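Before any comments, here is the structure.
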There are 2 protein chains.
Amino acid sequence: MPATIRDVARESGVHISTVSRTFSAPHLVNPDTRTRVLACAEQLGYRPNRAARALITGRTFNVGLIVADIANPFFPPLIKAAESQARQRDYHIFVADSNEDAAVEEDLVRALAKQVDGILLCSPRMSNSLIELLSRDVPLVVVNRQITGLPTVVMDVAQGAGLAIDHLSGLGHRRIGLVAGPRGSWTSKEIRRSAALAARAGGAELTVFGPNPPTEHGGAAVAEQVLRSGVSAVLAYNDLMAIGLIEGLHAQGARVPADISVVGIDDIALSRLIHPKLTTVATPAAAAGRAAVDMLLAHGDDRRTTAHASLQTELVIRDSTGPGPDPHSHADPGNAAAAAPEAVASYAKE
Amino acid sequence: MPATIRDVARESGVHISTVSRTFSAPHLVNPDTRTRVLACAEQLGYRPNRAARALITGRTFNVGLIVADIANPFFPPLIKAAESQARQRDYHIFVADSNEDAAVEEDLVRALAKQVDGILLCSPRMSNSLIELLSRDVPLVVVNRQITGLPTVVMDVAQGAGLAIDHLSGLGHRRIGLVAGPRGSWTSKEIRRSAALAARAGGAELTVFGPNPPTEHGGAAVAEQVLRSGVSAVLAYNDLMAIGLIEGLHAQGARVPADISVVGIDDIALSRLIHPKLTTVATPAAAAGRAAVDMLLAHGDDRRTTAHASLQTELVIRDSTGPGPDPHSHADPGNAAAAAPEAVASYAKE
DNA sequence: CTGAAAGCGCTAACAT
DNA sequence: ATGTTAGCGCTTTCAG
């Protein structure tokens with residue numbers, strides 16, 4: 001139905017290659033011809049078929065961005081930042097949602113592969129080996145997962161989890177819970193590893209709950225179990241779970257932070273709108289989105305080098321954390337972290 | 001780099017058309033050959049190039065979905081529903097964000113056009129005429145806007161706004177504010193029209209503030225102006241603005257609903273997490289997403305007929321609305337609406 | 001059941 | 001400056 005390059009050629013009495021040039025290299029065509037061709041094109045409503053063009057040039061000027069769950073408020077800032085960064089270079093971003101499902105994720109990579117010049121894989125749920133396999137079909141940048149050999153952007157959640165646990169043990173909490181994220185999440189493993197270390201260092205005992213779906217519902221679902229376990233403070237895999245957990249805790253009659261302290265991770269907008277305002281580890285989602293796009297599009301310059309970016313996190317102390325049950329240590333050494341300056345991106349080329 | 005159909009053909013000693021058949025019509029090829037071809041393909045890591053295939057078949061099995069702002073929590077449920085509906089039919093959804101910008105929106109339609117079989121335009125900011133123009137290049141389904149001649153699915157916000165204003169005037173409010181949405185929003189116009197009608201019917205005076213960006217920030221920004229105007233109740237274009245407005249109002253020292261009542265539209269998850277819990281008009285976003293996908297993919301069956309779906313809305317009364325300043329009318333006839341049953345989708349083929 | 005040939009809409013040398 | 005010729009990777013008649 002839509003006009004093709006041949007229609008325009010016929011109508012304007014030139015060869016199709018001239019029409020092609022009019023659109024992809026206007027300076028190579030006589031101004032008069034150009035005007036005529038353009039007029040015909042306009043009149044026929046002709047637009048170059050980008051898919052056909054891509055087939056031969058090998059470039060689509062699109063980039064894919066796959067997220068685990070588009071309903072998680074963590075992602076929109078990342079997506080927005082990636083979009084504006086991409087737009088500056090005349091690229092478009094196509095977003096797809098894997099629904100926390102590794103199989104869907106793989107399927108989406110395959111579907112996107114030839115429609116884009118590369119894919120940003122955010123918080124992937126696939127195995128490392130599958131990701132490496134797919135990376136042979138389409139340039140990939142992995143966000144929120146460390147994979148050697150592939151360009152990656154990660155938030156330093158290990159550092160953030162450490163900050164959070166330090167804050168808690170500093171408040172006198174000796175029995176701390178960790179509400180884990182989904183299976184397959186690199187971030188969740190990192191948090192767990194680092195939290196265990198920090199807990200030991202702070203003389204606290206760490207109890208892990210999970211894995212769980214990384215949603216409000218997932219958080220609410222473990223509330224009872226958390227309460228029964230007797231921990232006096234909890235670090236959750238993300239803010240959504242922390243918020244769900246608080247709801248669940250309230251539903252069980254527990255008060256936050258009087259009875260139990262809760263810390264989240266991400267610092268989504270919502271975390272300062274709920275009551276009590278959530279203490280949380282802020283992750284630089286927008287910076288990650290920008291960095292990921294940069295890496296993908298820089299790929300032309302220096303092949304053979306895989307970039308890694310690790311972005312600093314920051315503890316934001318609000319109202320969901322308070323003194324632990326132990327009356328002997330009410331001091332709060334956690335505010336040192338809170339006073340940290342703007343998060344800094346540490347870029348390292350290898 | 002990736003293997004092509006020719007590589008597989010050479011490797012397995014058959015013609016490329018046989019390889020093609022092995023993937024697109026397996027039953028037409030001898031089981032033995034098929035196995036051999038499949039083995040070679042596997043071994044070479046061959047995947048049919050979907051873009052090349054689409055060039056000739058005219059079908060991509062992808063559908064585009066453009067939203068005005070992916071950070072608006074109204075959209076994720078719509079997107080998720082569209083995705084699961086599409087996946088059931090082996091289609092993939094590519095989401096793009098127009099950033100509330102008509103020019104970006106147009107650009108995105110053009111970029112997506114040949115990579116998808118059709119586009120869902122959600123809350124478009126473009127003009128009707130431009131949308132009609134674009135619809136000649138790619139099948140379009142318009143969500144949250146009425147355009148005759150194109151398939152559309154709308155939420156009946158007029159009805160919802162009426163419910164909200166009735167609720168407010170029933171509570172005794174005589175001076176009601178309307179915080180409008182962005183310019184170019186059909187929904188905003190509908191709300192405005194219907195609210196004016198309902199206000200007149202309820203003997204209330206309606207003051208319109210705006211247009212405004214449909215964000216939390218946009219809501220907060222008009223708080224002072226709203227307060228100065230002396231209205232005792234406000235209906236906001238959406239929940240995000242209502243929430244921002246409440247924040248702004250609190251910042252100015254006003255209490256909600258004691259000093260001023262606020263009603264939102266959408267019933268996003270957030271609206272029951274904030275304090276006070278938001279009274280709002282629930283819109284069936286998920287149903288809209290499903291209906292839109294159905295319309296787009298049904299397009300094969302009956303051409304020449306344009307479908308329209310209008311989805312019912314429902315008033316959800318929570319804690320952000322209370323009696324008006326007039327002591328003579330504290331009765332609350334608004335709960336009739338609150339008792340309404342599940343929202344019902346009314347489908348009408350024209 | 002398989003091969004040969006044509007061509008989707010476009011770009012990219014190469015001529016002229 | 002413009003036309004000619006190939007051909008991107010694939011599907012689809014049409015023969016055989």
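These figures come from a predicted structure and were not determined experimentally. Because only heavy atoms are used, hydrogens play no part in the values below, and waters and symmetry mates are left out as well, while side chains stay in. Residue numbers begin at 1 in each chain, while the letters A, B, ... track the order of the sequences.
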What is the distance from [atom1] of [X] to [atom2] of [N], rounded to the nearest Å?
| X | N | atom1 | atom2 | result |
| --- | --- | --- | --- | --- |
| B:R6 | D:dC10 | CZ | P | 8 Å |
| B:N49 | C:dG9 | CG | C1' | 14 Å |
| B:L28 | D:dT11 | CG | P | 13 Å |
| B:R50 | D:dC10 | CZ | C1' | 13 Å |
| A:R59 | C:dA12 | CZ | P | 11 Å |
| A:D137 | D:dG9 | CG | P | 13 Å |
| B:R10 | C:dG3 | CZ | C1' | 17 Å |

Next item on the list: Could you pull out the closest heavy-atom pair between B:L78 and B:C122, with the gap in Å?
Entry: CD2-SG, 3.9 Å
Note to self: Please report the distance separating the P of C:dA6 from the corresponding atom of D:dT5, rounded so that it comes out in whole Å.
What the structure shows: 15 Å
Compare the minimum distances between each of [options] and the side chain of [X], then state the nucleotide with the smallest one.
| X | options | answer |
| --- | --- | --- |
| A:T4 | D:dT2, C:dC10, C:dT11 | C:dC10 |
| A:I5 | C:dG9, D:dG3, C:dT2 | C:dG9 |
| A:R53 | D:dG3, D:dG9, C:dC10 | C:dC10 |
| B:L55 | C:dT2, C:dG9, D:dT12 | C:dG9 |
| A:I16 | D:dC8, C:dT11, C:dG3 | C:dT11 |
| A:N30 | D:dG9, D:dT2, C:dT2 | D:dT2 |

Notebook entry, point to check: Can you tell me if the side-chain N/O atoms of A:T18 get under 4.0 Å from OP1 or OP2 in D:dA1?
Noted result: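 For D:dA1, neither OP1 nor OP2 has a side-chain N or O of A:T18 closer than 4.0 Å.
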Next item on the list: Would you please confirm or rule out a distance under 4.0 Å between OP1 or OP2 of D:dT11 and any side-chain N or O of B:T57?
Entry: no
Next item on the list: Hey, can you tell me if A:Y46 and A:F23 have their rings parallel, tilted or perpendicular (30° and 60° cut-offs)?
Entry: perpendicular
Check: Is there a donor on the side chain of A:R21 or the base of D:dG3 sitting less than 3.5 Å from an acceptor on the other?
Finding: yes
Notebook entry, point to check: Do A:R87 and A:Y91 meet the cation-pi criteria used here (NZ or CZ under 6.0 Å from the six-membered ring centre, within 45° of the axis)?
Noted result: no
Check: Are B:H308 and B:Q146 close enough that a side-chain donor and a side-chain acceptor fall under 3.5 Å?
Finding: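 Their side chains do contain a donor-acceptor pair, which is all the 3.5 Å distance test asks for.
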Next item on the list: Answer with yes or no whether the side chains of B:D117 and B:T60 bring together a donor and an acceptor at under 3.5 Å.
Entry: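 Yes, a side-chain donor-acceptor pair sits under 3.5 Å.
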Notebook entry, point to check: So which one's nearest nucleotide on DNA chain C is more toward 5', B:S17 or A:H15?
Noted result: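 On the 5' side of the pair lies B:S17.
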Regarding [X], tell me which of base, sugar-phosphate or nothing describes its non-hydrogen contacts under 4.0 Å with the strands shown.
| X | value |
| --- | --- |
| B:F23 | nothing |
| A:V14 | sugar-phosphate |
| B:R34 | nothing |

Margin query: Please determine whether the number of non-hydrogen atoms from other residues, nucleotides or ligands lying under 6.0 Å from atom CZ of B:R89 exceeds 12.
Written below: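 Yes.
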